[in-house]
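Proteins come first, then strands; the chains are lettered A, B, ... in the order of their sequence lines, and each starts at number 1.
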There are 2 protein chains.
Amino acid sequence: MSLRIGQVALRSGVTPRTIRYYEELGLLPASDREQGKHRTYTESDIERLKEVTRLRDLLGLSLDELRSVVVAEAVRADARRRFHASESPDERRAALEDALPHLETQIGLVRRREAELKELENDLVDRRKRVLRALREL
Amino acid sequence: MSLRIGQVALRSGVTPRTIRYYEELGLLPASDREQGKHRTYTESDIERLKEVTRLRDLLGLSLDELRSVVVAEAVRADARRRFHASESPDERRAALEDALPHLETQIGLVRRREAELKELENDLVDRRKRVLRALREL
DNA sequence: TGCTAAATTGACGTTCACGTAAAGATGAGG
DNA sequence: CCTCATCTTTACGTGAACGTCAATTTAGCA
């Protein structure tokens, strides 16, 4: 039931090279395996990778900068795991409270970007308005 | 009253090298000057350059892709010039009607990007909601 | 008109984000 | 157990987007 790098690559729209590179950069977790053995992944690894590429494409960050955002992803994923692994309400609460600030960070970044784009849009729409007005006045 | 490359660079937040490079790529118009003479610019060139860098930073395009968007900028700038240069309503109308579709293109690109970001934001906010709900239910 | 800061062209260098090739190892299916 | 498609590591290659250096030229100002 475990996936290998080729399948993961295909299903997340990247190449195996990219996956290894991201692992090297710390963008993806280096699942512990003995030297030379094949990397194995799960469905949730695919989701995670898709998230990373989405953030990469939509925020204007270098992979290095992205790492700090995505280490957050790792923490969140780990928090999820801990949440489901445990029955103790205290541990579950702790897991959730770990995940939350990273979500906030990501939401914040996305919103800032949205705001910048909205500003640009407004500028462009303003200009169009002026052009249209000028056309009507001829 | 004409600016040189150093001033333009400073005031638009890039380096002279970048300006020359963009000119070479066709992102900026190559003002006609004799070989070896200094490049000269106007205030509106600064605005234009700022526009280009803004689009560069906010849309996820290569400089090559950006060129087609920005050739639009050139056409628009030229349309403006023609508009102000002429008294003939016909020519003025033509100028405005040239500028319009390029504005539309840019607005379209910006809006698509905004939509993608909004989708991402919604996903993130959804997750946060689930985390918060789970916390309340403990 | 002479000085000097700033600009010009040309060329090579650099960083990022991977691509690609080679030589050998792994592991799922028959 | 064998096969062979897929994976592993290592290493060099590449395109984009500039940085940087050098030798020379230009142009604003005293």
Provide, to the nearest angstrom, the distance between the [atom1] atom belonging to [X] and the [atom2] atom belonging to [N].
| X | N | atom1 | atom2 | answer |
| --- | --- | --- | --- | --- |
| A:Q7 | C:dA28 | CD | P | 13 Å |
| A:R17 | D:dT9 | CZ | C1' | 11 Å |
| A:R4 | C:dG29 | CZ | C1' | 11 Å |
| B:R39 | D:dT26 | CZ | P | 14 Å |
| A:L3 | C:dG27 | CG | P | 15 Å |
| B:R20 | C:dG10 | CZ | C1' | 11 Å |
| B:L25 | D:dA16 | CG | C1' | 9 Å |
| B:K37 | D:dG28 | NZ | P | 11 Å |

Where the side chain of [X] is concerned, which of [options] is the nearest nucleotide?
| X | options | answer |
| --- | --- | --- |
| A:R33 | D:dG19, D:dT9, D:dC18 | D:dT9 |
| B:T18 | C:dC18, D:dG19, C:dG27 | D:dG19 |
| A:H38 | D:dA17, C:dT26, C:dT8 | C:dT26 |
| B:Y21 | D:dT26, D:dA16, D:dG19 | D:dA16 |
| A:S62 | D:dT20, D:dA27, C:dA17 | C:dA17 |
| B:I5 | C:dT8, C:dA17, D:dG19 | C:dT8 |

Presence of B:R67 side-chain N/O under 4.0 Å of D:dA16 phosphate oxygens OP1/OP2: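 No, outside the criterion.
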side-chain N/O B:Y22 vs D:dC18 OP1/OP2, d < 4.0 Å: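 The answer is yes; a side-chain N or O of B:Y22 sits under 4.0 Å from OP1 or OP2.
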Residues A:S62 and A:E65: side-chain donor-acceptor under 3.5 angstrom: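 A pair is found: one side chain offers a donor N or O, the other an acceptor, under 3.5 Å apart.
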B:R56 and B:Y22 side chains, donor-acceptor separation under 3.5 Å: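 There is such a pair (donor and acceptor under 3.5 Å, judged by atom type) between the side chains of B:Y22 and B:R56.
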Below 4.0 angstrom, N of the basic side chain to O of the carboxylate: do [X] and [Y] qualify?
| X | Y | result |
| --- | --- | --- |
| B:E34 | B:K37 | yes |
| A:D90 | A:R93 | no |
| B:R82 | B:E91 | no |

Given DNA chain D, 5'-ward residue of the pair B:Q35 and B:D64, judged by closest heavy atom: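 Checking each residue's closest nucleotide, the 5'-ward one belongs to B:D64.
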